[in-house]
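Below: one structure, written as C-alpha cells.
Read the numbers this way: they start at 1 and go in the same order the structure lists the ligands and their atoms. Every heavy atom of this structure was used, including side-chain atoms; hydrogens, water molecules and symmetry mates were not. The first residue in the sequence is number 1, and the count goes up from there.
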Amino acid sequence: MQLTRRTFTTGLSTLLAAPAVLAQIEGEHIDTANRHPVPAVQDTETTAQHEARLAWWREARFGMFIHWGLYSIPAGTWNGQQIPGIGEWIMNRASIPVADYKALAQQFNPTGFSAEAIVSLAKNAGMKYIVITSKHHDGFAMFHSKADPFNIVTATPFKRDPLQELAHECRRQGIKLGFYYSQDQDWTAPGGAAYKTGDHQPPTYHWDKAQDGDFATYLRTKAIPQMKELLTQYGEFPAVIWFDTPTKDMTPELAGEIVALLNQHPRLIWNNRLGGGYKGDTETPEQYIPAQGYPGRDWESCMTMNDTWGYKSYDTNFKSTETLVRNLIDIASKGGNYLLNIGPDSHGVVPPAEVERLQQVGQWLAVNGAAIHGTLPTLFGAEAGSFSDTEKDKNGKPKFIPEWKWRSTTTPNRIYLSLFEWPADGVFRLPEISRVPRTITGAHLLADPARKPLKLSRTGDTLEVHLPPQAPDAIASVVVLETKA
Ligand code: GLC
C-alpha cells in the first residue's frame, strides 16, 4: 500500500507528534542550512504545513504598519531643536537621558485614539492585517505589561491598553493583528542594546549609565516575559511578530530561548530580523522594492508615507496616492506584501494626510482589488525594468532601472495587466505571447461591471489588446485576460 501522508500520520500520529520526524520520514525538504540550538518552525514543518501557515498572509498582499509611542510627544523636536532622522529614534539621536525620556509617560494621554477608526481605516484601504509597535527601541510598552512598569497602562494617565482595543476591533472587523517588538534594542532598560548614532561610543553605544547592564539579563527579565504576555494576552492574536534590529548580542543560544517561546504558537508568522542566525518566514526590505523580489522566499516591503515611522510634526513630505498604488501593484507583481505605515500623533490621531491617502488607495482597490489580493507574481518580468549596462548601484552592482509602463499579476485562470500608461493608438501590445504557458480566451476591463469583451488580435508573436479611448483610472487601469491552462 502506498504510504500517503494521511495513512502514515493516522497510523502513527501519536508517535510522530513532531512534524520534524514526519517530514524527515516522508523526505520533505527541511532547511538544515542553519543549525539552530532550538529548531524553529521553519526547520521542522513540512512544505505543506509551511504553505498552510503562510496562506492568509500571501493572500493579503497589503497591511498597515503602525508606529506609535512616547516619541509622538516630542514629535521630532527636543529642547527646541528639530532632531534629524526618523521620529521614533529621537531618544537616541538627541541623547536624551533615560530619566528625562521616561518622564514623558506622565503626560501621555492619547484620548483621541480610536481602535474602531484605525481598523476601519485599514479595512477600507484594502489592508488585511495590522502590525503595531508593541515596544519600540525606547523600551516603552504600548500594552499592559506586568513584566515592566514602563508601559501605557501603568505609567501614564491614559491607563488603557490600545493593543487590547485593537485586538477586539480587528476580531470584530475580520482583520489580522500583529505586533512589532524590538527584542534587542532597548534604550531605557539596563542591558538593552543600542545602535550607534552621533558620537555614542563602543562597545555599548549607550549615552546614559542607566542603560548599562547585562544583555542576557535584559532579555530574560524584560523582553522574553513581555513576548510571553504579547503571545498570551490577546486571544488568537498576534498573527505576526515583527522583530527588529538584531545586534551581535543576540547569540544563537539567546535567540533560541525566544524561538522556544515562538514554537508554542505554531501558526505565528515572524520575520527575518530576530537575529542569532534565524531567518524566519519573511524578508523585510525597508523603504524600497527589490528589483525582482525574492524568488522562492516570502517578503514584505515596509514603507512610510512620508519620511518617518514615528510621528514628526513637521514631516509633510508625503508620497502621492499614485506612488502608493503603483508601489502596491509593483510589489504584488513580484510576489511580495506591502506594509504601509501610519504614525499617530500624541493624541492618538492619524495625520489627515495619511488618512486621505489610505482612503484613495482603498477606492482604487475597491474596483481593482482582484488584481492584488490572492494573486501570484507576473508570468513576464521584463515589464519591471532592466539592469543598466553602464550605471552601478551603491553596492557596485549593475543598477536596476525600473520601467513604469505596466505590471502583471496572475491567478489560476486570469492574467491581470495593470496599465500605468494608456496606449495612444488604443492598442496594448504583449510580446512573446507564445511563451505564456496559458491559452488566452478573452479580455475585459476589470473596472467594467458589464465585462464587455475587448477585441484581441495577434501580429506575429505579439498579442494585441484593443482598448477604449478613455482609461478607466488615472493611476492604473487593469485589463483582465481570461486564460485556461
Ligand atoms: C528601522 C528602524 C525602526 C523602524 C523599522 C521599521 O529598523 O530602526 O525605527 O521601526 O526600521 O522597519
Side-chain angles (χ1 to χ4, degrees), residues 57 62-76 78 83-96 101 127 129-143 162-163 178-189 192-198 200 205-207 211 223 226-227 230 238 240-250 269-275 279-290 294 298-312 315 319 324 327 331 336-344 354:
W57 188 91
F62 192 28
M64 175 186 273
F65 217 169
I66 304 177
H67 277 71
W68 189 35
L70 290 186
Y71 38 78
S72 62
I73 296 172
W78 192 258
I83 305 301
I86 44 187
E88 69 283 5
W89 274 65
I90 192 165
M91 185 188 172
N92 192 328
R93 286 194 173 276
S95 304
I96 300 173
Y101 190 85
M127 294 163 149
Y129 61 106
I130 291 172
V131 177
I132 184 169
T133 50
S134 63
K135 183 207 73 149
H136 207 269
H137 309 330
D138 62 0
F140 180 72
M142 288 292 285
F143 63 98
L163 271 53
F179 299 142
Y180 165 112
Y181 189 85
S182 178
Q183 76 286 0
D184 206 314
Q185 289 201 83
D186 191 310
W187 304 329
T188 52
Y195 275 26
K196 174 181 173 52
T197 69
H200 301 157
Y205 300 114
H206 288 160
W207 54 92
Q211 297 171 309
Q226 285 194 326
M227 279 184 255
L230 289 168
V240 170
I241 288 275
W242 216 96
F243 294 113
D244 197 12
T245 60
T247 70
K248 61 178 176 24
D249 297 336
M250 186 62 76
I269 292 172
W270 43 283
N271 68 8
N272 66 343
R273 297 192 183 186
L274 170 59
K279 67 176 188 174
D281 296 304
T282 59
E283 296 301 309
T284 52
E286 181 177 311
Q287 300 287 34
Y288 74 95
I289 301 168
Y294 294 87
D298 288 290
W299 61 277
E300 178 188 65
S301 184
C302 57
M303 280 193 199
T304 54
M305 273 195 247
N306 48 10
D307 294 320
T308 178
W309 304 96
Y311 177 70
K312 286 180 82 171
D315 181 340
K319 297 172 181 72
L324 299 176
N327 282 349
I331 290 167
N337 283 18
Y338 194 22
L339 189 63
L340 185 57
N341 185 71
I342 62 168
E354 293 175 354

State if Tyr180 counts as touching ligand 1 under the rule of any non-hydrogen atom under 4.0 Å. yes

Is there a polar contact, in the sense of an N or O pair closer than 3.5 Å, between Gln185 and ligand 1? no

Option from Tyr181, Trp68, Tyr180 for which ring-ring contact (aromatic ring centres under 6.0 Å, His included) with His136 holds: Tyr180

Determine whether Met142 and Phe179 make a side-chain contact, defined as any pair of heavy atoms from C-beta on separated by less than 4.5 Å. no

Would a 4.5 Å heavy-atom cut-off, applied to side chains only, mark Asp281 and Trp57 as touching? no

Under 4.0 Å from a heavy atom of Thr245: give me the atoms of ligand 1 that qualify, with their elements. 7 (O), 8 (O)

Restricting to ring pair (Phe, Tyr, Trp, His ring centres under 6.0 Å), what partner residues turn up for Trp89, sequence neighbours left out? His137, Trp187

For ligand 1, is there an N or O atom under 3.5 Å from any N or O atom of His136? yes

Does the residue Gln287 have a heavy-atom contact with ligand 1, meaning some pair of atoms that are separated by less than 4.0 Å? no

Across all chains, not counting sequence neighbours, the ring pair (Phe, Tyr, Trp, His ring centres under 6.0 Å) partners of Phe65 are His67, Trp242, Trp309

Can you tell me which residue and heavy atom of the protein come closest to atom 3 (C) of ligand 1, and the distance to 0.1 Å? Asp244 OD2, 3.4 Å

Out of His67, Glu88, Glu286, His137, who is nearest to atom 1 (C) of ligand 1 when you count heavy atoms only? Glu286

Could you tell me which atoms of ligand 1, counted from 1 in the order shown, lie closer than 4.0 angstrom to a heavy atom of Cys302? 12 (O)

Report the part of Arg273 (side chain from C-beta onward, or backbone N, CA, C, O) that has a heavy atom under 4.0 Å from ligand 1; answer both or neither where that applies. side chain

From Glu283, Glu286, Glu300, residue fulfilling salt bridge (charged side-chain N to carboxylate O under 4.0 Å, His left out) relative to Arg273: Glu286

Of the choices Trp242, Phe65, Phe243, Trp89, which has the non-hydrogen atom that lies closest to atom 2 (C) of ligand 1? Trp89

Test your reading of the model: is there a side-chain donor-acceptor pair from Asn272 to the backbone of Gly280, 3.5 Å cut-off? no

